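Since the model is a prediction, treat every value here as computed from it, not as a measurement. Every number for a ligand or one of its atoms is a count from 1 in the order of the listing.
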Amino acid sequence: MVTISETSYETGLQNGEPIQIDGKTCNGCGICAEVCPRHIPEVEGTGKNKYARVNVARSGLCMYCGQCAAVCPRDSIEVSGLNPDEFKPIQPLAINDEQLLIMMKQRRSVRRYNNKPVPRKVLERIVEAVHLAPTGTGSRTTGVIIIDESEKLKTLSELMYQKYEGLAKALKNPIGRLIVRRNAGKKRLSDLQSFVMPGMRWYIRWYRDGIGDEIRRDCPALMLFHSPINEPMGEENCVVATTYADFMAQVLGIGACRNDLIPPICNRSHKVRELIGLPNDHEVYSSLTLGYSKYKYQRTVPRQVAQVRYL
Ligand SMILES: Cc1cc2nc3c(=O)[nH]c(=O)nc-3n(C[C@H](O)[C@H](O)[C@H](O)COP(=O)(O)O)c2cc1C
């Protein structure tokens, strides 16, 4: 019988191929081949001499998702870059569908926070959930920036208001609108005019009058999710990661709210890019304000999508 480790050496697996299959323990059951989205492992041989090996023509397509190693009944697979010790045995879930739905029903977008800072330990727990978010290409390129220093947050707010003030001024005249349309596109201009700016004009007034900050909402912590611009599905990856963070925040008793006013400024203001240390080839695609809720919600809100159809 050909041992896979020999095959591995022949195909250069030990020298940077994405997965290694242990020929001594693999029995060629083929489950890894079935679950792999790119069918990188494939089964060869017949009867008792079946074994899985890497298809070298497809190995470059590996997304390093770890599914092959996670599903292997004989623990015969290692994935480059993923520590085998961190593949943990599956545990029975302590939550059920009812508990999950209750959690989802009770989640609220929390926009009013008390002054209490969110401890780093709690933020780290939220980041643990972010690490587990699935990504479109299996890539791990999503970055998280957490700002929890009040001076930095205040500077960020000021820079954001300055930028929105400039935008409000630009949108007042046809040439300004043309420039915004050229830079941001027709759809973004329309969104700005119909949805963002009508509220923003009030926000600016309230901020300048010292009434409050309705962009950042005086959150004690802010999470920014960013991705390389050329990452396929980078934006979607950030949105999914934000949702994971949102759910974990709720379980930890931390109020959270998605905020779409913040990312465009992070991307367009050089000063903000510098403040947050955003790499040149990255954009912030989503953000989550975090803090202890000032108020306790007393009941759930009925919600449903517009339509569900079975065909
Ligand atoms: C994609 C997305 C973007 C959002 N952007 C903002 C935002 O910029 N500011 C804000 O206050 N809430 C934002 N929210 C929160 C929604 O406004 C919120 O979900 C809605 O008010 C319903 O409240 P609930 O989340 O408590 O059910 C956003 C939510 C989503 C899903």
Side-chain angles (χ1 to χ4, degrees), residues 100-114 126 129-130 133-136 142 144-145 147 153 156-157 159-161 163-165 167-168 184 187-207 211-227 233-269 272 276 283-307:
L100 185 61
L101 277 180
I102 289 171
M103 187 201 98
M104 289 171 166
K105 278 181 192 161
Q106 295 184 175
R107 181 207 56 79
R108 291 277 67 80
S109 293
V110 172
R111 301 184 178 89
R112 304 291 160 218
Y113 308 103
N114 65 29
I126 296 173
V130 170
T135 59
T142 306
V144 183
I145 297 167
I147 313 170
L153 286 165
L156 176 66
S157 286
L159 293 172
M160 287 195 294
Y161 278 99
K163 202 75 183 162
Y164 275 114
E165 280 166 337
L167 188 60
K187 164 93 171 61
R188 177 73 184 147
L189 173 64
S190 160
D191 290 350
L192 283 169
Q193 288 180 306
S194 66
F195 183 69
V196 179
M197 295 315 284
M200 183 55 69
R201 294 203 169 86
W202 290 101
Y203 292 179
I204 292 169
R205 190 189 295 179
W206 290 327
Y207 179 75
I211 293 170
D213 175 357
E214 287 297 306
I215 296 183
R216 186 176 56 80
R217 298 213 165 87
D218 291 323
C219 62
L222 175 67
M223 263 186 198
L224 304 171
F225 299 81
H226 61 99
S227 169
M233 290 176 273
E235 180 167 358
E236 291 84 345
N237 292 342
C238 287
V239 170
V240 175
T242 308
T243 305
Y244 269 49
D246 195 358
F247 281 140
M248 181 52 108
Q250 189 196 345
V251 172
L252 292 167
I254 302 294
C257 186
R258 272 264 327 226
N259 191 307
D260 278 11
L261 295 174
I262 296 173
I265 308 302
C266 295
N267 299 329
R268 296 211 172 86
S269 157
V272 173
I276 63 176
E283 290 221 325
V284 173
Y285 291 111
S286 59
S287 77
L288 196 67
T289 55
L290 293 160
Y292 289 94
S293 182
K294 193 169 169 188
Y295 304 108
K296 188 175 177 321
Y297 287 87
Q298 306 293 335
R299 52 202 69 84
T300 64
V301 180
R303 290 249 182 275
Q304 57 184 52
V305 294
Q307 195 181 56

Legend entry - Under 4.0 Å from ligand 1 - residues by heavy atom, chain and number: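 Those residues closer than 4.0 Å to ligand 1 by some heavy atom are Arg107, Arg108, Ser109, Arg111, Arg217, Cys257, Arg258, Asn259, Asp260, Leu261, Arg303.
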
Legend entry - Nearest-0.5 Å distance, CD1 of residue Ile262 to CG of residue Asn267: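 If we round to the nearest 0.5 Å, Ile262:CD1 and Asn267:CG are 12.0 Å apart.
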
Legend entry - Expected output: side-chain Thr142 to main-chain Cys238 donor-acceptor under 3.5 Å: no

Inset, instruction - Could you check if a side-chain atom of Tyr207 sits within less than 4.5 angstrom of a side-chain atom of Ile215, using non-hydrogen atoms only? - result: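 Answer no - side chains too far apart.
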
Legend entry - Donor-acceptor pair between Ser157 and Arg216 side chains, under 3.5 angstrom: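 Note: Ser157 and Arg216 side chains meet the donor-acceptor criterion.
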
Legend entry - Over all atoms of both residues, closest heavy-atom pair of Tyr292 and Gly253: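 Heavy atoms only, the tightest pair is CD2-O, 3.9 Å.
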
Legend entry - Atom OH of Tyr297: over 12 foreign heavy atoms under 6.0 Å: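 More than 12 heavy atoms, drawn from other residues, nucleotides or ligands, come within 6.0 Å of this atom.
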
